[in-house]
Amino acid sequence: MPLFALKSQIPGCSLDNPEQDYRSARRAGQYHISAQAVYFPAFPGTRYLPFRAVTRALTRNTSLPLTGCCGKALPMVRLRLYYGGESYQDFLFEKAPEANRVLDDLHALCPDTPIERETRPLSAV
């Protein structure tokens, strides 16, 4: 049992039993992905974004600077899930297959949601 109750990112849209759904979720990077939602660390506790509330999804290659503005960077994939108009939540993954797995789960539950996948190879520049 988590210390804090799981909370939806969207106040009016929640799952019937998020605790049971969270237990069935599998790990992808620092996130947990179930068939109905993506769970992410927040303060305090854990929040989730139900797939049914997502209006648009896209992935983009990006990089995370390691030493400041100039120098080494870690290549990453940014998954952006739009919900409730123009609001969005970003998720960073080290590997493209992890982000694509989230998009596959989203497409399985909501096939009408527009999805845009990055096709360029991952690079730090």
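The chain is numbered in sequence order, starting from 1.
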Listed partners of R27 passing side-chain contact (heavy atoms from CB on, under 4.5 Å), at least two apart
H32
Taking only residues two or more places apart in sequence, or in another chain, which ones meet L109 in a side-chain contact (heavy atoms from CB on, under 4.5 Å)?
F51, R52
Using the test side-chain hydrogen bond (donor to acceptor under 3.5 Å, both in side chains), find all partners of [X] that sit at least two apart in sequence or belong to another chain.
| X | answer |
| --- | --- |
| E86 | none |
| D21 | S34, Y39 |
| Y83 | Q9 |

For T113 and R56, work out which heavy atoms get closest and say how close.
CG2-N, 3.9 Å
Minimum heavy-atom separation for L103 to R117, with atom names?
CD1-CG, 3.7 Å
How long is the gap from OH on Y48 to CZ on F40, to the nearest 0.5 Å?
10.5 Å
So how far is it from L6 CG to Q20 CD, rounded to the nearest 0.5 Å?
12.5 Å
Sequence neighbours left out, what pairs pass side chain to side chain donor-acceptor pair (under 3.5 Å) with at least one residue falling in residues 66-80?
R80-D90
So F93 and L79, do their side chains get closer than 4.5 Å, heavy atoms only?
yes
Check whether any side-chain heavy atom of R26 sits under 4.5 Å from a side-chain heavy atom of R101, and report yes or no.
yes
